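Reading through the C-alpha cells given below for one structure.
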Amino acid sequence: TARSPEAGSPSPGSSAGAGGVKVSKIAVITPEKANDFGWNQQGVEGAAAAAASVGAACIVQDGAGYGDITPILNQLAGDNPQLMLAWASGYNTVAPQVAQQTGIATVVIGAGSDAANTPGLVNDLETDAQGGAYLAGILAARTTMTGTVAIVVSAEDENWTKMSGGFIGGARSVTPGIRILYVQIGQAGYADAAGGKRVTASAIAGGADVIFGMGDGSSFGMMQAVETEPPPAGADKVWFIDVIGDKSSLDKKGIYLSSVVWDFTAIDEKAISEVEAGTFGRATYRLDLDNGIKLLRSRFIPAEVWDEIETARQGILDGSIEVPLTTTGKEVKAYLGSGK
Amino acid sequence: MGSAFSSGSGSPDAVVLELRGITKVFPGVRANDHVDLLVRRGEVHCLLGENGAGKSTLMNVLAGIYMPDEGSIRIDGREVSISCPRDAIDLGVGMVHQHSSLIPDFTVLENLMLGRGEGWRLSTGRAQDGLKRLTTTLGVAVDPGAETGQLSLGQQQQVEIIKALWQGSRILILDEPTSMLTPKGIEDLERVLRQLKQQGLAVIFITHKLREAFAIGDRVSVLRQGRLQGTIDRETMKAASATEMQRLVVELMFPGEAETLAHVAELSDLSELGGGGRAATAGEPLLELHEVVVAGQRGEIGIVEAISLTIHAGEVLGVAGVDGNGQRPLAEAIVGQRPLAGGDVRLAGTSLRRLGIGARQRRGLRYVTDDRLGEGIVGSMSVALNLVSKRIGTAPFWVHGRTRPEVIAAHAEELVREYSVATPSIHTPAGSLSGGNIQKVIVARELSLDPKVVVFNKPTYGLDVKTTAAVRARIRGLVDGGAAGALLISTDLEELLALSDRVAVLSRGRLMGIVRNGPGAEQEIGALMIGGEHGE
Amino acid sequence: MVNEASRGSAPVVGSSIPSAGRHWGRTFWQRAAPVVYGLIAGGVLLLVMGKNPIAFYWTTLESGLLTWSGLMQTIIRLAPLLLMSAGFIVAFQAGLWNIGGDGQFLLAAAVVAGLGAPALGVMPFWLVLPLLCVVGFLVGGAWTVVPSLMKAYYGMNEIITTLMMAFIGINLANILIKGPFLSHVTLVPQTDVIPWVYLLPFIPGTHIHVGIVIALVALVLVHFMQTRTSYGLRLRILGASPRAALHAGISVKRDIVTAFALSGGLIGLAAAVEVLGVWGYVRADWNPAFGMTLFAIVFLAGLDVLVVIPFVFFFAVIQIGGHEAARQAGLPNDFLLLLIGLILFFMVLTEWARTRGWLARLRGRHAGSMAAAAEEAAGDG
Amino acid sequence: MDSIFTADFFAAVLSGAILAGMPLLLAALGETISEQAGLLDIGLEGTMLLGAYAGFVVTNWTGSYWVGFLAAIAAGIAVSLLMVVFCVRMGRDQIVVGIAILLSMEGLTSLLHAAQFGQSYPRLDAVPAVPIPGLSEIPVVGPSLFTQPLIVYIGVALVFVVAGLLSRTNLGLDIRAAGRTPVALDNAGVDVMKIRTVAALCTGALAGLGGGYLAIVTAGIFVPFMTGGLGFIAIVIAMLGRGRPVWVLIGSLLFGVALSVATALQLAGINVPTDVVQMLPFVTVIVALALFARQSYLPAALAQPFVRGRR
Ligand SMILES: Nc1ncnc2c1ncn2[C@@H]1O[C@H](COP(=O)(O)OP(=O)(O)OP(=O)(O)O)[C@@H](O)[C@H]1O
Ligand SMILES: Nc1ncnc2c1ncn2[C@@H]1O[C@H](COP(=O)(O)OP(=O)(O)OP(=O)(O)O)[C@@H](O)[C@H]1O
Ligand SMILES: [Mg+2]
Ligand SMILES: [Mg+2]
C-alpha cells in the first residue's frame, strides 16, 4: 500500500514537459523576511529583477519558515505561476513533490546532486561563493595590521563552510603564515545577535582586526562588536567583511570593508528563459564568480589592492587559480589546521 | 501588647459584640440564616451545633473571611463593617481557625510576625519580647525558634492562640480548639481561658463536647441549620445539673431526639457505655505486631520503637497517648502506607511485610485515617467513586479493567442508605459534604466488604454528638460480632474508655503499657502517660 | 509540588460516574465563544495596523478550510497535533505537567527519520512504517523516564525536569542529525530522505496520509481510558490528590511512570507520523514547536477529547491558512503567534467571566463567592 | 602558530561569560521572587522579549541607555500586569497564561520590529565600561570582571538586595508566606493578592531589565526571537535556586561560562561541537539531581490560586 505513483504524477493539463510556456508570473518563497540584507532579500530582489526583465509578475512569500512549507507551496501554486523559486535548502525535499503534483517548474536550492533535476519540473541551484570568499581572503590579508583575521559563522551551514574555505585560501595566497581564527556561534545561531556580538568580541580580543562574518540576524551583532570593541594591540580599527547582501547603507562607523555579494538576477533570467524554451530541469545552475558572485568594492579598498583582487578574479575564472572547496565544518577545520 | 488585657470600656458585663440578623448563603446552602448573637466582656460564650450548623461560617463572617449577605455587626455598640481579616484584627477580633493556619516550615516567631511587622526590617527582637510577655501571662512555654511543623498539636494550638492574641484582641474566637487535644491539653487551655476572662476578654468557644461547654462556658448558644436555636444564660447554667443541661442542649441541637441520644452523650456514666463492664473473652489473635519499628519522615515528629501488640477477634484495642507520639506512623506502618524499619506485622498469621496497601485492604485490613480531607477522600470526585476508591480494578466494580458504573452506583446507594450519609446524591462531589458526613463516607468504605481488622485513627474528632454516637456504635458493632477486631487510636480518653477492651499507652513512640479496661483504668492510663512524659 | 498544588485549577474530567452522559454540544459552544472574541480582538489589531480583518480571516478560512487543497493540508497537520494533544491529556489527567513535549517530539522525529532510510535498505517498507511508528513511540516515552522516576522517587518537580530534558532532547536531536544520521547526499545537515513513495500511504482519493486515522484512533482510546477504565480512574485520583492515591493503595510510583511514558509515547508517535507522513527526513534545527500552544489548548479544553478535537482543528486552520492571509495582508507570519496568544487570553478570560456570571446569578459578588468561582472553574477546567 | 591565549583574550572570555550570564541572572532573580510568592511565571521569555524591544527602541531614540533600561523595566512591568490580572486577581491557571504571554509577546515584538526597523537595523553604541578603581588593575580579571558597564555591578548588587528582601524584611516574610500557606497570611490580615501582585511586578521589572540588558548591552541591537530560550533557562535556574539568590547567581554565571568557554576553545582551534556545549549544563544538573536524590523544595502553594474562604 505504498503511495500510488499516480498520486505523485503531474496533474493533467500541466505545463510540464517538452513544450515550454510563456512565463507571465513567477513566485519566490523564502524562509525569513526579505528585509535581512542577506539571503532572503537577495533572492527576492533577484527574482523581481528577472521577472521585470521579461515583463512577468512576481509573487513574494517571504518569512515562510520551514514548518508549514508544504501548504504554503501549494497555496503559491494555486496562483498558477509558471516558475517557482523555493528559496531554501530546507525546501528541497518538499518542493519537488509539490512540483510533481502541480506540474509547476521549480528551482530548488542545494539539492546537492544533478539527480534532483527533473526535466520541465525541478532544477537545482548550487551556490559556489567560495571564489568570492577567496577574493575576500586576499582583501583581509592585505588589510590586517595584526596579522590575525577571524571567520565568524552563525551556524553549521554549507554556504558558510564553502566560503570559509575560500577565504582561508585567499588569505594564505597573500600571507602564507597568516593567523586565521574560526568560530561558530551555535548550532542555530542564525538570529542570535547577542551571541554574534559576544563571539566576535572574543575573536577581536584574540587579535583579529578583520572579521569575515557569515550569519543572518546574528551578523548585525557581529557588526556591532566590530564597531564598538576596542581594536586589538597593533591595529587602529577593526574591519568587517560581510556576505551575500550589501549592508554598506547601514554602515555608520565606516567599518564595512566589503561583502561577498550574491546576485541571482542572471540565474533567475536563465531559469525563465529555459522554462519558456522547454529546456528547464536539465542542468544544475551554479552561482559563481562569472554569473553573480562579486566582491563589493567599498571606498575603503585601496586601488592597488583592488587591482590585485581583479587579477585574482581573472585567475579563478581562467582556472589558473584553484579555489579550495570545503563543504563541512570538519573540512574547514582540517584545512585550517593543515596550514597550507 | 498590654492593651490586650486592659481593653473593653464600661461595666464588667458590657456587651462587646452584637451580631444582628447575620445571613450567609453558599450555593445550595443557607449557612447562616438571620443569626443574632450577644457576647459580653469577660465571658466565655460557647457555640454549639451539629456538623454543618454554620458555626464556623458565622465566626468567619466575624473574622472577615466572608462578607455576610445580610445583617449587621456592632462592637462596643458601634456598627462596624468587616470586609477582610485586617478589619477584624484592627477591631480586636482574633480567631483560631478550625483548620490550622500556621506555616509548618516557618519558625514560631516567623509565624507570629506575619503581617505584624511595622516598617521594612523584620524586628525579631520586639517579637521575642512580645512572645515572652504572652507566654508568661498564659503560663505556657514555647520555643520561639522551633519550626511549627515540628511541634505537637497541643503546642501548635497554643501558638495559634498566642497568634490570635498577638495584637491585643478584645474578642477571641476559638473554633473547635480542643478537637485534637488530650485531657491535659484541654486542662491547660481551660486555665488559659480563665486567665483571659479575668483580663476582660470576650471568648467565643466552639466545641462538640458538651462537658467542655458546661465546664468552661458562661453561656451557651446553639445553632441548627444556620439558625440560632436559643441561648442558655448564666443563671440557668448555674442552676441546672449537668444532665438537665445536656437534655436542654441536645433538645436544642436535635429537637425531638433528646431521648434517643441521651444514652450516648459523654456525660452519662462511663460504665454504661459498654467498654468497661464487658467480659474479656477475646477470640483468636487477628493482628499481631512484633517489635515494629517505624522511621519518621523528613520534618515529622513521632517515630515508633519496637512495639509489640496483638489484636484479637472481637476486641477493640485502644491506643492512648498525647498526639504526635507515634500514633500516625504506627497506623500507617500497619496498613502499609509507610515501610517498616524493623519487626513484622501479621494478619491472621500471614506476614504483611511483602504486601502493598491494596493487598492488605483486600485481605480485610482497613484504615480510617484522621486526615479526612487530605487523604481520606478525593473531594472533587463523587461520593460513589470515593466509596470504591480502595477497590479500583477489582470485581465486581471493574471487569478486565472496564468500569461497571451501574454496579458502583448500586453499591453506593446501599451504603449511603445503610450509613445514613446526608448527601444530595451519590454523584455529589464528596468534598462538598459536611465534616460529619465525609467521615461517614470513609467509615462506610472501610467497614464494607468484610473487614477483619480496622485501624481507627481519631475516628470522631470534630464530629457532632450525633455522628460521634453513630461512628462509635459502628466501631462496637464491628467487633461485637466476634469476627473482627479494631485498633482504636484516640487522644480522647473518654472515647477510649467507652469503646476499648484494652488500652495501650503510647509515649514518644514507645509502648508504656497495656491496661485492661474497667474500674480504675482511667487512673492507670493517666499514670502511664505521666510516666512517659517524665521518663528519661 | 506544582501538580499537587495546582489541583485547584487542574481540570477534573467526569468527576462523577462515567456513564453520566455529557451534552458536549453545550460545553463546546461555551468554549467556542472565546475563540470568536479572540478573533475579534485580532481583527481590531489588524484594523489598527491598517489591514482589513474581514479579508484576513476570509483568506485564512479559504486557504485553510474552504479549498480542497487547503482542507487537505489542515487535516494532514491535524494528525501530529491531535496525537500530541492526546499525550498531554494523559499527562494532565494524572496531574503531571509535561511541559517538555517539544523535546520528546524532536528527539523522536530525529531518530525516526534517521533510521528510516537505512531501515528501508534491509526490510520491506510495509514493515518499516509500523516499526518506525513504534520507534517514535518508544523514544518519546523513553525521554520521560528520567523526569518520571525523579518525580516518583524524589518528588522532584516535573516542570523543571521536563524543561531541562527538552533542552537536552533538542540539542541531542541536532547532534544525531549532524552525526550518525547525517545525510551525505545533501550538504545541509539533515537525515537521509525516505523516498516519497514509501511514506505513509494516502487515504484513497486524497493526498492525506493515514496519520489522521492513527490520531483519531489514539484519541478515542485515550477517551475510553479516561472514562471507562480502572487505569483512567487511578490516574484521575493521582491527578486530583497524590496523597489520596497513596492512601487508596494505588501504586503511585508505577502510575506516575506509566502515565508519563504514555504521554511521551503519544507525543513521539506524533513526531513519527509527521516525519513519515509529510517530510521523509528531518533537517537540523527544525522545530515546529507545537508543544506550548497545544499544552494551553488541551488544558483550556478541560482535557475533554470532544472539545480538544474542534479546538485543535481550529488551530490547524489558522496555522495552515494564516500564512496565505498574512502574505496577502503583507504581514509577517509571526502575527499568527500574536493571534493565537490573544485567543488564549480570551479563552482564559471568558472562562473566568462564565464562572463569575454563573455565581452572580446565585449570590452576588462577595469574598466568599470567589470560593465556588474557583471550585467551578476547577470543575470544568 | 603562536598562541592566542593573551591576557586580554582571557579577559574577553571572562567578560563574555558575564555578557551571556547577566540577562539570565536578572530574569532568574525575578522568577525567584514570583516563585517564593507562589506564582510560576512561564511567560518569562515573553517578558524579556518586550523588555529587550522597549529597551532597544528607547535607547535608539533617546541615545541614553539609562532611559533604555528604565523603558525595559517599564515594559516588563506592563507584561507582568497580565500575570497580575489573570492569575493573581482572577486565579486562572498560571502555566496557560504564561504560555499566552510568551506567544503574544513573540508575535508582537517581531511584528513591531518588522514594521519599524525592517529596513534600517539600527545598532547601538557600546555601553561604556566603568573600571572599579584598584580591582580593575588586577591582570585578566581586572579588565574583565571589574571593568564592566555600571548596570552589571547593579545587577550583581541586586542579588544581595533580593536575598535581603526575602530573608530580612517583613515584605520578604509575607512573600514567602504567600507561596507556602497563603491562608495563614490572609488570616494574619495581609492581603495575599497585594503581596503576589508586588512579587509579580518585581518579576516583570527584573525580567524586563534582563531583556533590556540583552538588547542594549549584550547585542547592541534587537532582532526578533533574540532571547532564544533564555527565559526558560532562567526558570530552571530559579527553581534550582530554591529561593536562594546566591545560587541563582552561581547558576547563571555557570551558563555564561559554558558558552564563553566554548567560544574560547574554538578560537584556540580546538574542535568543540556547540550543541554538546549548550547541552552540557543541563546534563550535569540532571545527573547531579539524580545522584544526590535532591528534592526541589518548591513553595507548597506554587501555581495555586488563592481564594479567601475557599475550602
Ligand atoms: N466556602 C464554602 N463554600 C460552600 N459551602 C460552604 C462553605 N463553607 C461552608 N459551607 C457550607 O455551609 C454549611 C455550614 O458550614 P460550617 O463549616 O459553618 O458548619 P460548622 O457548624 O462549622 O460545622 P462543623 O461543626 O463540622 O465545623 C455547611 O453545609 C457547609 O457545607
Ligand atoms: N534536588 C534539588 N533541587 C533544587 N536545588 C538543588 C537540588 N539539589 C541541589 N540543589 C542546589 O543546591 C542548593 C542547596 O544546597 P544546600 O545544601 O546549601 O541547601 P540546604 O538548605 O542545605 O538543603 P537541605 O535543606 O536539603 O540541606 C540549592 O540552592 C540548589 O541550587
Ligand atoms: Mg466548623
Ligand atoms: Mg544542607
Side-chain angles (χ1 to χ4, degrees), chain C residues 1-2 4-10 49 97 99 146 149-150 153-157 159-161 163-168 171-172 174-175 178-179 292-293 295-296 299-300 331-332 334-345 347-349 351-352 367-368 370-375 377 381, chain D residues 38 40 42 46 82 86 90-111 113-115 118 224-225 229 232-233 235-236 239-240 273 275-276 278-279 281-283 285-286 289-290 293-296 298-305 307-311:
Chain C
M1 277 174 299
V2 171
E4 196 167 353
S6 52
R7 185 187 322 155
S9 55
M49 294 184 298
W97 299 109
I99 203 164
V146 172
L149 288 182
M150 288 177 95
Y153 288 89
Y154 313 149
M156 180 78 184
N157 174 280
I159 290 186
I160 319 178
T161 46
L163 259 183
M164 287 194 283
M165 289 305 280
F167 283 115
I168 299 176
N171 285 296
L172 190 56
N174 283 317
I175 294 174
K178 293 175 187 172
M292 283 293 168
T293 316
F295 188 106
F299 184 95
L300 290 168
L331 287 169
D334 301 332
F335 172 72
L336 299 181
L337 285 174
L338 183 52
L339 190 60
I340 301 281
L342 279 174
I343 292 174
L344 289 182
F345 276 124
M347 287 179 157
V348 172
L349 192 61
E351 175 194 62
W352 173 79
M370 289 303 293
E375 229 76 272
Chain D
L40 179 60
I42 288 286
L82 289 167
F86 284 94
M90 301 184 185
R92 302 290 91 189
D93 182 79
Q94 297 173 8
I95 299 180
V96 171
V97 171
I99 290 173
I101 291 180
L102 172 67
L103 296 177
S104 38
M105 288 307 140
E106 281 178 345
L108 184 64
T109 47
S110 163
L111 209 58
H113 177 268
F225 303 96
F232 286 97
I233 299 179
I235 292 174
V236 172
M239 283 188 164
L240 294 182
D275 319 63
V276 179
Q278 303 196 348
M279 193 170 73
F282 295 107
V283 177
V285 172
I286 285 271
L289 297 190
R294 296 290 301 274
Q295 302 193 348
S296 52
L298 294 174
L302 183 59
Q304 190 176 36
V307 181
R308 176 179 296 153
R310 171 172 180 184
R311 11 175 279 174

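All of these numbers come straight from a predicted model, not from anything done at the bench.
Proximity to chain C (any heavy atom under 4.5 Å) is restricted, for D:Ile235, to the side chain, taken from C-beta onward. Proximity to chain C (any heavy atom under 4.5 Å) is restricted, for D:Val285, to the side chain, taken from C-beta onward. Contacts between C:Leu339 and chain D at a heavy-atom distance below 4.5 Å are absent for every atom of the residue. Both the backbone and the side chain of D:Ile101 come within less than 4.5 Å of a heavy atom of chain C. Interface remark: D:Phe232 contributes backbone and side-chain atoms alike to the contact with chain C (heavy atom separation under 4.5 Å). Contacts between C:Leu172 and chain D at a heavy-atom distance below 4.5 Å involve backbone atoms as well as side-chain atoms. The contact between C:Val146 and chain D is made entirely by side chain atoms (from C-beta outward), counting heavy-atom distances below 4.5 Å.
No other option in C:Thr293, C:Leu342, C:Leu331 has as many heavy-atom pairs under 4.5 Å with chain D as C:Thr293.
A pairwise comparison of heavy atoms in D:Leu111 and C:Pro332 identifies CD1-CG, 3.4 Å as the closest pair. Of all heavy-atom pairs spanning C:Leu338 and D:Ser104, the tightest one is CD1-O, 3.4 Å. In terms of heavy atoms, D:Gln94 sits closest to D:Gly38 at NE2-O, 3.5 Å. Between D:Leu240 and C:Ile160, the shortest heavy-atom distance links the atoms CD2-CG2, 4.2 Å.
Classified by interplanar angle (parallel below 30°, tilted 30° to 60°, perpendicular above 60°), the ring pair C:Trp97/C:Phe299 is tilted.
Side-chain atoms of D:Ser110 do not come within 3.5 Å of backbone N or O of D:Glu106 as any donor-acceptor pair.
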